[in-house]
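Per chain, numbering begins at 1; letters A, B, ... match sequence-line order.
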Amino acid sequence: MPISNADIAEVLEEIGTLLELKGENVFKSRAFHAAARTLGSSTADLRRHADENSLTSIQGIGKGIADIITDLVRNGTSSVHRELRKSVPPGVLDMLKVPGLGPKRVRQLYESVGIKSTAELRDAAEQHRLAGIPGFGEKTEQNILSSLDRLEKYADRFLISSAAPVAGALLSLLKEIPGVRRAEIAGSLRRRKEIIGDIDILISCAPSAASAVMKRFTEAPGVDRIVAHGKTKSSVLLAGGIPCDLRIVRDSEFPFALAYFTGSKEHNVAVRSRAKDFGWSLNEYAFTPAGKGKRKAPPRCREEGDIYRALGLSEIPPELREQTGELEAAERGSLPRLIQEADLRGTFHCHTTASDGRDTLEAMADAARQLGWDYLGIADHSKVAAYANGLTPDRVKLQHREIDILNARSRGFRIFKGTEADILSDGTLDWSESMLERFEYVVASIHSKFTMSEQEATRRIIRAIKNRHVTMLGHPTGRLLLQRDGYPVNMKEIIDAAADFGTMIEINADPHRLDLDWRWCRYAAEKGVLLSINPDAHSTAGLKNVSYGIGVARKGWLEAGHVFNTHSLKAVCAQLSINS
DNA sequence: GCCGTTTTCGGCCCGACTGTTTTCAGTCG
């Protein structure tokens with residue numbers, strides 16, 4: 001298989017990191033990281049460029065990196081990369097994943113004390129051998145230990161975005177096998193949990209096809225290791241360490257198995273207990289008569305929905321099966337009409353090359369239009385976000401001019417002039433009053449000084465919510481799933497304040513964030529707070545993050561009407577007090 | 001290592017925070 005641009009980007013990225021570890025010139029390693037970023041999101045035909053000797057026409061690729069790419073394209077590996085790898089033990093690269101440890105410190109630990117893995121690092125920290133190394137002290141030692149704890153805690157958990165694409169690919173592969181009747185993803189992935197532990201795939205097929213299905217599954221691309229290989233159940237480890245189970249059942253059992261393996265456990269317990277009231281026992285294969293006294297014949301169920309209907313319930317969407325009142329609502333017939341991706345008319349909070357995005361304003365707008373949207377809100381970073389190339393007032397002016405030109409050119413599609421304004425530590429915004437007035441909407445977010453008490457953080461955010469220029473609060477807790485807890489906030493107070501001041505709250509749909517958490521969506525909606533599903537896109541591809549945001553919204557019982565960016569262009573203009 | 005109408009050398013994003021120091025290096029976003 002030819003080496004992909006993503007593969008090449010990965011090698012360049014690692015070369016950059018290895019150079020950092022070796023203490024090379026930071027700008028040299030940065031050049032590799034920059035090149036990796038460029039190629040990672042590029043569709044350029046690198047083989048052709050290599051053959052035509054034109055790799056250096058790509059921004060950020062000079063003679064040196066061009067040679068490495070040529071090597072990779074022709075031979076599949078790079079001698080530079082191999083040599084660098086030889087000089088650094090593999091465990092040392094893992095140490096960089098420990099928050100608080102960067103290349104300098106890792107290098108010092110490796111070179112002066114000989115620590116070459118996270119396991120050795122833990123030993124050394126526990127034995128207080130780190131304090132005393134120049135630059136390391138008691139506190140650093142403690143921080144390293146708690147970082148290691150956190151890393152281990154999250155080691156067997158995965159973002160929905162790492163699981164969903166591979167699960168989808170596997171599913172389509174299996175569906176193609178002759179004899180397969182039905183195939184579905186089950187488990188937490190089907191419930192669209194933000195973090196999942198494994199992928200569950202369920203299949204019904206003709207008995208004669210079962211062994212072919214199992215074979216195809218265990219030999220599928222992306223399977224790293226076969227953990228178990230049986231007739232009805234196999235388990236594999238996918239690349240990246242994600243466990244994946246496949247179960248095969250009879251077609252008549254499929255609805256029951258699907259319900260059972262979709263969970264949640266708590267939801268299943270409640271459903272089974274309800275079945276008991278009807279005189280049936282429910283397991284992953286069927287309804288069976290149970291209990292004494294009056295017995296009704298168990299109902300036939302062709303589809304999963306038949307199970308719910310047999311129990312006097314309307315069909316409960318998988319996302320709601322978390323035992324948070326869904327059975328009661330299904331009994332009353334008052335389940336929400338959950339929002340769907342097709343309800344979205346546009347989105348807010350996107351970045352462009354003006355700040356830290358990878359695609360231009362025009363490319364982002366084109367991509368939004370291709371998604372069938374009517375509008376796109378651009379919210380590049382404000383000036384204090386220097387790390388993200390935050391805009392200066394002059395550059396804002398330029399961007400607004402560009403937006404005016406693009407808007408004049410297109411009918412029925414509008415780019416909104418927004419900003420992602422940093423909330424400073426005192427709760428004021430990173431723009432003057434007069435600057436704020438120039439934007440059509442403002443997303444206010446925190447990007448600095450995360451270590452606050454809950455009271456301080458809450459007060460800081462509420463001050464921003466009260467600011468009349470703030471349209472919506474961006475990623476309200478700042479969490480990075482599996483990496484970092486959010487700043488501690490009193491979410492109820494924040495939502496209450498948003499309701500009082502008519503400020504919206506973002507559902508940041510970046511799969512690393514998914515913030516506002518779905519557990520708070522219902523409360524926000526009940527209080528009348530409008531939510532906005534924002535991809536926080538840093539590229540045209542990032543716009544598709546909204547599908548993860550839809551998952552959050554659906555888990556949070558939201559209907560289209562609760563979400564700002566389901567509104568028509570006209571309604572959005574009205575809400576933002578813009579003459580359309 | 002990359003780049004360039006201030007160009008072939010000398011700069012490359014920068015401010016805040018933390019923990020270590022006693023004026024600063026490393027990390028992060």
Taken to the nearest whole Å, CZ/F450(A) to P/dT27(B) is 18 Å
Round to the nearest Å and state the distance from I446(A) atom CD1 to dG15(B) atom P.
21 Å
Could you state the OH-C1' distance from Y487(A) to dC17(B), rounded to the nearest angstrom?
16 Å
Under 4.0 Å between a side-chain N/O of R107(A) and OP1 or OP2 of dG26(B), yes or no?
no
Walking DNA chain B from its 5' end, the first of P134(A) and N389(A) to be reached, judged by nearest nucleotide, is N389(A)
At less than 4.0 Å, is any side-chain N or O atom of T451(A) found next to OP1 or OP2 of dC17(B)? Yes or no.
no
Would you say N25(A) reaches dG1(B)'s phosphate, i.e. side-chain N/O to OP1/OP2 under 4.0 Å?
no
Taking atom C1' in both dT6(B) and dC12(B), compute the distance separating them and give it to the nearest angstrom.
16 Å
Look at R401(A) together with D404(A) and state whether they make a salt bridge at an N to O cut-off of under 4.0 Å.
no
Ion pair present between R468(A) and E437(A), side-chain N to carboxylate O less than 4.0 angstrom?
yes
When rounded to whole Å, the OH to C1' distance for the pair Y110(A) and dG26(B) reads 21 Å
Under 4.0 Å between a side-chain N or O of R30(A) and OP1 or OP2 of dC13(B)?
yes
Quickly work out the F136(A) CZ to dG19(B) P distance and round it to whole Å.
13 Å
Intermediate values then yes/no, side chain to side chain donor-acceptor pair (under 3.5 Å), E456(A) and S453(A)
CA-CA 5 Å; E456(A) 283 173 311; S453(A) 68; 3.2 Å; yes
